[in-house]
There are 2 protein chains.
Amino acid sequence: MDEYEGLKLENQLCFPLYACSKELVRRYQPFLDEVELTYTQYIAMMVLWQREKINVKSLGELLYLDSGTLTPLLKKLESKGYVSRVRASEDERVLNVALTDKGRELKQRAKSIPPRIAGCLGLSETEAKTMYALLYKAIGNLRAEQ
Amino acid sequence: MDEYEGLKLENQLCFPLYACSKELVRRYQPFLDEVELTYTQYIAMMVLWQREKINVKSLGELLYLDSGTLTPLLKKLESKGYVSRVRASEDERVLNVALTDKGRELKQRAKSIPPRIAGCLGLSETEAKTMYALLYKAIGNLRAEQ
DNA sequence: CGCAATCTAATTGTGTACAATTCAAAGCGA
DNA sequence: TCGCTTTGAATTGTACACAATTAGATTGCG
């Protein structure tokens with residue numbers, strides 16, 4: 001147990017977290033290609049499929065993404081015809097993003113993705129629930145202390 | 001329980017994984033700024049601190065990164081003077097990356113990072129171990145089925 | 001009212017990520 | 001040995017991520 005033990009890759013929790021996240025996103029890609037979305041575009045669409053309309057700030061809070069990421073991404077979704085981007089008349093600083101009919105249709109085609117992905121992680125129901133709880137606990141702590 | 005249940009953000013395991021990974025990397029940044037490394041550069045240096053020398057292919061296998069990511073990253077580490085990049089004489093296709101004295105010094109300054117990060121996740125020893133095991137199990141499964 | 005402080009997006013710049021392609025070196029079979 | 005295949009990096013192109021800054025709109029306070 002030397003003084004550099006903490007600097008070994010295998011003693012880090014961050015590295016497998018980072019690696020697992022990337023690998024899973026990579027696994028999504030073939031399925032997402034079918035609906036011509038990237039992973040980030042997909043999670044943005046997921047929010048809209050549930051809420052129909054949201055402003056950029058709220059979307060960023062939900063996805064933990066900032067405007068530097070969302071602005072170009074939403075412009076791309078708009079150019080594909082899946083969302084509209086309209087300034088709020090009550091407050092011109094706010095940009096509302098809303099689902100279009102074409103974006104709503106996409107939901108139909110996307111609904112087969114989650115069940116097909118589910119098996120890739122190879123975790124039992126219990127393990128998945130445990131992981132889920134730990135991840136949200138960690139996210140809460142990471143954000144709580146600023 | 002409608003047919004779109006799977007498309008809700010809160011029913012995904014991928015999203016908290018993705019979010020937690022990003023948030024934790026973000027938490028590293030202030031500490032990594034002290035040694036002027038990005039997170040990806042840091043994990044590459046961690047490998048070198050343990051192994052002194054490695055070729056690009058092996059490094060990519062360890063970190064789950066490809067040459068498109070590693071080539072510019074290693075050039076940057078070379079320009080900072082932390083590593084050398086030399087073609088293997090036995091096989092000119094292979095590029096060996098080795099730690100320089102300056103890179104070795106950096107290990108001293110970096111060793112305080114892991115303990116300072118440790119608390120951010122706010123998980124108990126047991127929870128961290130559970131998460132660690134589940135993550136490596138998932139990574140194994142994600143890669144096993146190609 | 002007037003204007004400074006605040007708020008929300010957009011922009012800019014740097015650094016990943018990765019698929020696909022390219023290119024040179026090495027291995028290999030007829 | 002000559003071509004063919006394979007291999008390992010590098011390159012190219014697209015798409016995030018995020019810090020820092022900018023720009024415009026709104027709010028609030030004196």
Side-chain angles (χ1 to χ4, degrees), chain A residues 15 18-30 32-33 36-45 54-61 63-80 83 85-97 142-143 146, chain B residues 15 18-33 36-45 54-80 83 85-97 142-143 146:
Chain A
F15 175 68
Y18 160 86
C20 191
S21 167
K22 275 194 308 133
E23 291 302 306
L24 187 50
V25 168
R26 192 187 348 241
R27 278 306 208 90
Y28 265 93
Q29 214 46 68
L32 292 177
D33 285 344
E36 286 171 297
L37 291 176
T38 64
Y39 181 73
T40 317
Q41 290 167 6
Y42 172 65
I43 60 175
M45 289 304 292
I54 193 171
N55 62 62
V56 174
K57 180 179 163 62
S58 303
L59 183 60
E61 284 167 359
L63 300 181
Y64 308 107
L65 293 172
D66 72 3
S67 66
T69 302
L70 288 176
T71 296
L73 183 146
L74 293 170
K75 283 181 179 174
K76 208 150 296 164
L77 288 177
E78 182 183 44
S79 74
K80 295 187 201 205
V83 307
R85 296 168 65 250
V86 183
R87 293 265 164 205
S89 51
E90 328 83 71
D91 186 340
E92 290 282 340
R93 289 171 306 185
V94 175
L95 183 76
N96 282 316
V97 181
L142 285 167
R143 297 194 69 85
Q146 315 222 0
Chain B
F15 175 68
Y18 161 85
C20 192
S21 167
K22 277 193 307 134
E23 291 302 306
L24 187 50
V25 168
R26 187 179 1 234
R27 277 307 207 87
Y28 265 94
Q29 214 47 68
F31 301 106
L32 293 177
D33 285 344
E36 286 172 298
L37 291 176
T38 63
Y39 182 73
T40 317
Q41 291 166 7
Y42 173 64
I43 59 175
M45 289 304 293
I54 193 171
N55 63 59
V56 174
K57 179 180 163 63
S58 303
L59 183 60
E61 284 167 357
L62 284 173
L63 300 181
Y64 308 108
L65 293 172
D66 72 3
S67 66
T69 302
L70 288 176
T71 296
L73 183 146
L74 293 170
K75 283 182 179 174
K76 209 150 295 166
L77 288 177
E78 183 184 44
S79 76
K80 296 185 202 207
V83 306
R85 296 166 65 250
V86 183
R87 294 263 165 206
S89 52
E90 328 83 71
D91 185 340
E92 289 283 338
R93 291 170 305 183
V94 174
L95 183 77
N96 282 318
V97 181
L142 284 167
R143 298 194 69 87
Q146 316 216 10

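Chain naming here is simple, since letters A, B, ... match the order of the sequence lines and numbering starts at 1 in each.
Residue contacts shown for A/L73 are limited to sugar-phosphate atoms, with no base heavy atom under 4.0 Å away. Looking at heavy-atom distances under 4.0 Å, A/T38 makes contact with sugar-phosphate atoms alone, never a base. Among the protein residues, B/E90 comes within range of the sugar-phosphate backbone only, with heavy atoms under 4.0 Å from sugar or phosphate atoms but none that close to a base. Residue contacts for A/S67: at a heavy-atom cut-off of 4.0 Å it reaches a base atom on one of the strands shown. At the heavy-atom level, B/D91 lies under 4.0 Å from the strands shown only through sugar-phosphate atoms. Looking at heavy-atom distances under 4.0 Å, A/T40 makes contact with sugar-phosphate atoms alone, never a base. When heavy atoms are screened at a 4.0 angstrom cut-off, B/Q41 is found touching the sugar-phosphate backbone but no base atom.
Between B/S58 and A/K76, the one whose closest nucleotide on DNA chain D sits nearer the 5' end is B/S58. Between B/L65 and A/V94, the one whose closest nucleotide on DNA chain C sits nearer the 5' end is A/V94. Comparing A/T69 and A/A88 by the nucleotide of DNA chain D that holds the closest heavy atom to each, the one mapping nearer the 5' end is A/T69. Ranked by how close their nearest DNA chain C nucleotide is to the 5' end, A/Q29 and A/L70 are led by A/L70.
Put simply, CG on B/L77 is 15 Å from C1' on C/dT14, counting in whole angstrom units. Atom-to-atom, CG of B/N55 to P of C/dA26 comes out at 14 Å; the value is rounded to the nearest Å. In this structure, the OH atom of B/Y18 is 12 Å from the P atom of C/dA17, given to the nearest Å. Regarding A/N96, its CG atom lies at a distance of 12 Å from the C1' atom of C/dA9, rounded to whole Å. Between the P atom of C/dT16 and the CG atom of B/L63 lies a distance of 12 Å, rounded to the nearest Å. What separates CG of A/L24 from C1' of C/dC18 is a distance of 16 Å, to the nearest Å.
Phosphate contact (OP1/OP2 of D/dC18, side-chain N/O of B/R27, threshold under 4.0 Å): absent. Contact annotation: B/Y39 does not reach the phosphate of D/dC18 (side-chain N/O to OP1 or OP2, under 4.0 Å). For the pair A/R85 and C/dA10, the criterion of a side-chain N or O lying under 4.0 Å from OP1 or OP2 is met. An OP1 or OP2 oxygen of D/dA10 is reached within less than 4.0 angstrom by a side-chain nitrogen or oxygen of B/T71. Residue B/R93 places none of its side-chain N or O atoms closer than 4.0 Å to OP1 or OP2 of C/dT22. An OP1 or OP2 oxygen of C/dC18 is reached within less than 4.0 angstrom by a side-chain nitrogen or oxygen of A/K22. For the pair A/K75 and C/dT11, the criterion of a side-chain N or O lying under 4.0 Å from OP1 or OP2 is met. Residue A/Y64 has no polar side-chain atom (N or O) positioned under 4.0 Å from OP1 or OP2 of D/dA17. Residue B/K80 places no side-chain N or O under 4.0 Å from the OP1 or OP2 atom of C/dG15. Checking the phosphate oxygens (OP1, OP2) of C/dC18, a side-chain nitrogen or oxygen of A/R26 falls inside 4.0 Å.
Under the 4.0 Å criterion applied to side-chain N and carboxylate O atoms, B/E61 and B/K57 are assigned as salt-bridge partners. B/E78 has no carboxylate O lying under 4.0 Å from a charged side-chain N of B/K75, or vice versa, which leaves the two without a salt bridge.
Using cut-offs of 30° and 60° for the angle between ring planes, the A/F15 and B/Y64 rings count as parallel.
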Going through the distances and angles, do A/L70 and A/T40 end up as a side chain to side chain contact (heavy atoms under 4.5 Å, CB included)?
CA-CA 9 Å; A/L70 288 176; A/T40 317; 5.8 Å; no
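For A/Q29, the CD atom counts as densely surrounded, since its 6.0 Å shell holds more than 12 non-hydrogen atoms of other residues, nucleotides or ligands. For B/E36, the CD atom is loosely surrounded, since the number of other residues' heavy atoms within 6.0 Å does not exceed 12.
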